[in-house]
**Q** 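Quick one: the structure is below, and I'll ask about it shortly.
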Amino acid sequence: YLKLLVVPYHLGFYYGYAYIEPVAWTNYLSVISIIIHLLLVVAFFYFFKNHPVFSFGIFFYLLCISEFSNFAIPVAGVMGDRLTFVASAGFCIALGYGLLVASKTELKSATVKISFNNKWLFFSMAVLVLYSAKTFSRNFQWKDQVTLMRSDIKHLEKSVQANNLLAFNLVEQSFKLKTQPEKEKYLKEAIIHFKKAVEIYPKADFAWHDLGQTYLLLNNMNDALPAFLKAIEIDSTYLNALTKAANIYTKQNKFKEAAFYYEKVIANDSLNIPAYSSLSQAY
């Protein structure tokens, strides 16, 4: 979070595993992070008397970001840019006040006159221009969900859920397209990212199911079936995967296999009337 506040480069719509991988406390990044945050705590006490505004900025940042540190409660996706929103106020207070102090601006008079010398004026303008340019360029990537996700996936390719979310949104977007070639293009792109998700985390039953569903939208039952069976292998009670596997077997005239999976559906959902009907037809 602190790195992204200082250098907001490679922002992501979703992080999670395995973009962020679990590491030991002895990992050098863990050690560096601990040292930096301990120094921030030291700085809070050190500047508290003479520069209380600076200390307040540090305190406000640490207080607000601690909620999302994963120590108290695990955060969905491990982290998220949006979670720094309130904490960033503390960062901005500390940065703005720090620039005023560094430029030797008189802060105790009734009227504060900001008179940066050339060095600090140049630095402040550089900070303003760089952050503004990043904000401006990022706005174009927020045109819509698919545009944002396609842009970010270039550096989030290791994230299971980032790939899954992009693929899911590509499928959703395909329903809004008018021509079949356009729809197929989006669906085939979605398959690439569903496959990437299950490659990173083979136990992602939801991604296996959605991969199978996307193959069905392309009328490709032969590739859809193994995906549904994989989802069932991971979660034997996955009703949608069980039903769709049974439906495919029915269409392939493999009624014994179809009956087997319809029976599993009923075993997990005894009030599923369509499953009883389909099972009777298979019998």
Side-chain angles (χ1 to χ4, degrees), residues 1 3-5 8-23 65 67-70 73-85 87-88 134-135 137-177 182-218 220 223-224 226-235 237-241 243-244:
Y1 285 125
K3 180 184 79 71
L4 288 176
L5 280 172
Y9 183 66
H10 278 175
L11 301 176
F13 69 91
Y14 195 99
Y15 295 97
Y17 179 83
Y19 179 85
I20 300 174
E21 293 189 59
V23 296
I65 206 64
E67 182 182 354
F68 309 109
S69 64
N70 287 285
I73 301 173
V75 176
V78 185
M79 65 172 289
D81 297 341
R82 67 193 180 282
L83 304 180
T84 64
F85 181 66
S88 67
K134 180 60 181 174
T135 301
S137 64
R138 183 67 171 164
N139 287 340
F140 292 101
Q141 297 167 354
W142 277 88
K143 176 185 176 183
D144 53 51
Q145 284 182 304
V146 171
T147 301
L148 173 67
M149 293 177 176
R150 276 175 169 168
S151 173
D152 288 1
I153 202 66
K154 296 171 185 175
H155 58 269
L156 295 174
E157 58 180 8
K158 291 183 179 180
S159 170
V160 176
Q161 187 66 339
N163 277 284
N164 185 66
L165 286 170
L166 171 55
F168 183 83
N169 277 273
L170 286 167
V171 173
E172 291 288 301
Q173 187 66 28
S174 72
F175 297 141
K176 302 174 184 178
L177 301 174
E182 284 182 306
K183 290 183 179 182
E184 289 183 1
K185 181 180 178 181
Y186 271 67
L187 292 173
K188 288 177 181 178
E189 184 181 349
I191 285 173
I192 292 172
H193 292 288
F194 279 133
K195 283 184 173 180
K196 185 67 177 177
V198 296
E199 176 187 332
I200 300 168
Y201 187 59
K203 293 183 180 180
D205 53 350
F206 53 89
W208 281 112
H209 171 271
D210 291 346
L211 174 61
Q213 180 60 36
T214 307
Y215 275 126
L216 282 184
L217 292 172
L218 288 168
N220 185 348
D223 286 328
F228 290 132
L229 294 179
K230 190 67 179 178
I232 295 167
E233 179 185 324
I234 298 165
D235 180 3
T237 65
Y238 202 141
L239 290 178
N240 283 340
T243 301
K244 287 167 185 175

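Since we're looking at a predicted model, the values are computed, not measured. Throughout, residue positions are numbered sequentially from 1 according to the sequence presented.
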**Q** Below 4.5 Å, heavy atoms only, C-beta onward: do Tyr15 and Val75 meet side chain to side chain?
**A** no
**Q** Run through Leu170, Asn164, Leu211 and flag the one making a side chain to side chain contact (heavy atoms under 4.5 Å, CB included) with His193.
**A** Leu170
**Q** Answer yes when Arg138 and Asp152 have at least one side-chain N-carboxylate O distance shorter than 4.0 Å, and no when they do not.
**A** yes
**Q** Determine whether more than 12 heavy atoms belonging to other residues, nucleotides or ligands lie under 6.0 Å from atom NZ of Lys134.
**A** yes
**Q** Rounded to the nearest 0.5 Å, how far does CG of Asn169 lie from OG of Ser174?
**A** 10.5 Å
**Q** Find the distance between CG (Asp223) and OH (Tyr215) and round it off to the nearest 0.5 Å.
**A** 4.5 Å
**Q** Step by step, work out the side-chain contact (heavy atoms from CB on, under 4.5 Å) result for Leu177 and Lys185.
**A** CA-CA 10 Å; Leu177 301 174; Lys185 181 180 178 181; over 6 Å; no
**Q** Strictly distance-based, threshold 3.5 Å: is any side-chain N or O of His155 a donor or acceptor partner for the main-chain N or O of Leu11?
**A** yes
**Q** Do Glu233 and Lys230 sit within salt-bridge range, that is, some charged N less than 4.0 Å from a carboxylate O?
**A** yes
**Q** Any luck finding a side-chain donor-acceptor pair between Gln213 and Asp210 under 3.5 Å?
**A** no
**Q** Verify, without hydrogens or angle tests, whether Trp208 (side chain) and Pro226 (backbone) share a donor-acceptor contact under 3.5 angstrom.
**A** no
**Q** Counting only heavy atoms from other residues, nucleotides and ligands, does the tally under 6.0 Å from NZ of Lys158 exceed 12?
**A** no
**Q** Does Gln145 CD have over 12 foreign heavy atoms under 6.0 Å away?
**A** no
**Q** Can you give me the closest heavy-atom contact between Tyr14 and Ala76, atom names plus distance?
**A** OH-C, 4.2 Å
**Q** Answer yes or no: is there a side-chain heavy-atom contact under 4.5 Å between Glu189 and Arg150?
**A** yes
**Q** If I take atom NZ from residue Lys188 and atom CG from residue Leu218, how far apart are they, to the nearest 0.5 angstrom?
**A** 7.0 Å
**Q** Would you find a donor on one side and an acceptor on the other, under 3.5 Å apart, between the side chain of Thr243 and the backbone of Asn240?
**A** no
**Q** Indicate the atoms forming the closest heavy-atom contact of Ala162 with Phe13, along with that distance.
**A** O-CZ, 3.4 Å
**Q** So which atom in Pro202 and which in Ile234 form the shortest heavy-atom distance, rounded to 0.1 Å?
**A** O-CD1, 3.3 Å
**Q** Going from OG1 on Thr214 to CD1 on Ile192, what distance comes out if it is rounded to the nearest 0.5 angstrom?
**A** 12.0 Å
**Q** In Å, rounded to the nearest 0.5 Å, how long is the span from CD1 of Ile200 to CD of Gln161?
**A** 11.0 Å
**Q** Considering non-hydrogen atoms only, spot the tightest contact between Thr237 and Asp235 and give its length.
**A** OG1-OD1, 2.7 Å
**Q** Please evaluate residues Val171 and Leu217 with respect to the criterion side-chain contact (heavy atoms from CB on, under 4.5 Å), reporting the C-alpha separation (whole Å), side-chain torsions for both, the decisive distance (0.1 Å), and the verdict.
**A** CA-CA 9 Å; Val171 173; Leu217 292 172; 3.8 Å; yes
**Q** So, applying side chain to side chain contact (heavy atoms under 4.5 Å, CB included) with Lys143, which one of Val146, Thr147, Asn139 is it?
**A** Thr147
**Q** Would you give the length of the straight line joining atom NE2 of His209 to atom CG of Leu239, rounded to the nearest 0.5 angstrom?
**A** 10.0 Å
**Q** Can you tell if the side chain of Lys195 reaches within under 4.5 Å of the side chain of Ile191, non-hydrogen atoms only?
**A** yes
**Q** Is it true that a side-chain atom of Tyr1 and a backbone atom of Gly80 form a donor plus acceptor pair closer than 3.5 Å?
**A** yes
**Q** Is there a donor-acceptor pair closer than 3.5 Å between any side-chain N or O of Asp205 and the backbone N or O of Ile232?
**A** no
**Q** Is the number of heavy atoms from other residues, nucleotides or ligands under 6.0 Å of Phe168 CZ greater than 12?
**A** no
**Q** Looking only at heavy atoms, what is the nearest atom pair of Phe206 and Tyr238, with distance?
**A** CA-OH, 3.7 Å
**Q** For the residue pair Ala224 and Gly212, what are the closest heavy atoms and their distance?
**A** CB-O, 3.3 Å
**Q** May I ask you to check whether over 12 heavy atoms, not counting those of Glu67, lie within 6.0 Å of atom CD?
**A** no
